[in-house]
J.: 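Would you mind keeping the following structure in view while I ask a few things?
By convention in this document, chain letters (A, B, ...) are assigned in the order of the sequence lines, proteins followed by strands, and residues within each chain are numbered from 1.
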Number of protein chains: 2
Amino acid sequence: MNASSNRSPAELARPRRGRPPKTPEQRADGNRRQDLINAAARLFRQKGFDATSTRDIAAAVGMRSGSPFYHFDSKQALLVAVMEDGMQSALRWLESRMSEAQREGANDEQLLQTMVRAHMDVLWGDHRDFIPVMLQEWQVLSAEQRRGIAELKDAYEAHWNPVLARLIAQGRLRAEVTMARLMLFGAMNWTLKWYDPSGRVALDDWTDQLVALVLQQPRDSAPSPAMRQA
Amino acid sequence: MNASSNRSPAELARPRRGRPPKTPEQRADGNRRQDLINAAARLFRQKGFDATSTRDIAAAVGMRSGSPFYHFDSKQALLVAVMEDGMQSALRWLESRMSEAQREGANDEQLLQTMVRAHMDVLWGDHRDFIPVMLQEWQVLSAEQRRGIAELKDAYEAHWNPVLARLIAQGRLRAEVTMARLMLFGAMNWTLKWYDPSGRVALDDWTDQLVALVLQQPRDSAPSPAMRQA
DNA sequence: CCTACCGATCGGTAGG
DNA sequence: CCTACCGATCGGTAGG
């Protein structure tokens, strides 16, 4: 009943000014913040931002209802943290997979394939709670909150453009760069609505099919008409 | 201050039992229900289902807070009505556009083009508030509520399969039927996240680009290798 | 379809 | 990070 009866004599002797003393549960230190972000990502994804209460998030990490606001100014700030965290990992993952493919001398078709596969990892891999939340709850953010994350998004998209541009120049892709990217992203991101990772189609197969669908088959050995004119 | 002071003598004389007398505002009769559906569709789309209160919807049609529940059992029932209404119009629209194309002797490429364009109308035309709500808020429904609407969705998708199957057989589409449909729907439905109807790209142009991206260019006059083997 | 209302829940805060 | 709390809002209902 009386909280002070649980305190050790040493704690009672400590002056109450300055930072509050850490109880064992708090000792996890800096990653309590990360715990909140992870729990928020999972719940926002499962139930949506509006349908998730800050109490749900607190309970998921063993906190009381008011405590998330010690770490974040608002529920929206937590959402921003989820999206930033997600975009940073996504960007790192895409870049690492591209680097590896290029180191192995991949051609542009293989590079596109690698990037599509990497994007599917972003949507469906270990970090799967983060980017789907960003894609689903983007409109919840204020214009100002969007700006910071938009920089990361732009960087992510920028990696696709030169690859798509080269495939277009080779006659393998019949579209404008931006349009091709948006259509690819549409096909990929829409899997969030229907894809069952435990189902019949593996992510590798799915990737192959999307690339096959979108790329024009190479015109035997002869250069494409577009190349001949250039 | 006193509501009864606004009633005409004739109204005051009418007995209070049975159906309440209709004031001029109520005289619109049966389409008050449709008014609620239309307002709900618009608000659900603009703000999302959770962020829209039944009070918002009531106010949008000039009702008081409790009155929507005279027409609908619950907020979710209103959502179901929006989706059903939307899917029925969508289905009718797709079928009418397909019939017209076939009457004019369209080939399969032209038919696909017509269907993609019709789907963009569904997403961005006069009825634009309805299907986007269905796509966005599908998970809000209970399994039981989904079943009825799923039948309409299945009918809508069923129209695509034979067309895609023929294009695959002709070597114009490199994918399985279901996969091709899901990828096409992904590219189309994802426009909800980024397309600006007042922007540079018209829906006709967008349609052309998607069809060009996805269809293999015809192999001159020679039959495709796939056809030769069959 | 309105009036008047209820119980529940929610984001957030003061103070320690 | 907890306790205790506040004002606001919400879906829904009884009764007419």
J.: Whole angstroms only, please: what is the CG-P distance between Leu36(B) and dG11(D)?
T.: 14 Å
J.: Quick check with a 6.0 Å cut-off and a 45 degree axis cone: is Arg45(A) positioned over the face of Trp124(A)'s six-membered ring?
T.: yes
J.: Starting at CD1 of Ile57(A) and ending at C1' of dG11(C), how long is that distance when rounded to a whole Å?
T.: 11 Å
J.: If you only use heavy atoms from C-beta on, which nucleotide in dG12(C), dC10(C), dC2(D) is closest to the side chain of Ser67(A)?
T.: dC2(D)
J.: Could you tell me the separation between the OH atom of Tyr70(B) and the P atom of dG11(D), rounded to a whole number of Å?
T.: 21 Å
J.: In whole angstroms, how far is the C1' atom of dG11(D) from the CZ atom of Phe44(B)?
T.: 12 Å
J.: So, Arg103(A) and Glu100(A), do they make that salt bridge, N to O below 4.0 Å?
T.: no
J.: dG12(D), dT3(D), dG12(C): which one has an atom nearest the side-chain heavy atoms of Arg64(A)?
T.: dT3(D)
J.: Grab the CZ-P distance between Phe72(B) and dG11(D) for me, whole Å please.
T.: 15 Å
J.: Whom does dG16(C) pair with, Watson-Crick or G-U wobble, provided both distances fall under 3.5 Å?
T.: dC1(D)
J.: Choosing from dC2(D), dG11(D), dG11(C), which nucleotide comes nearest the side chain of Thr54(B)?
T.: dG11(D)
J.: dT9(C) C1' sits how many Å from Asp50(A) CG, rounded?
T.: 14 Å
J.: Quick test of your reading of the model: are Arg147(A) and Glu144(A) salt-bridged, counting only N-O distances below 4.0 Å?
T.: no
J.: Please name the nucleotide paired to dG7(C) by Watson-Crick or G-U wobble geometry with both distances under 3.5 Å, or report none.
T.: dC10(D)
J.: Between Arg55(B) (CZ) and dA8(D) (P), how many Å, whole number?
T.: 14 Å
J.: Is it the case that His127(A) and Asp121(A) place a side-chain donor and acceptor less than 3.5 Å from each other?
T.: no
J.: Could you state the NZ-C1' distance from Lys75(A) to dA8(D), rounded to the nearest angstrom?
T.: 15 Å
J.: Just compare dG12(D), dG11(C), dA4(D) and give me whichever is closest to any side-chain atom of Ser65(A).
T.: dA4(D)
J.: Measuring centre to centre across the rings, with the benzene-like ring taken for any Trp, is Trp206(B) within less than 6.0 Å of Tyr195(B)?
T.: no
J.: Which listed nucleotide (dC2(C), dG11(D), dC2(D)) is nearest to the side chain of Met63(B)?
T.: dC2(C)
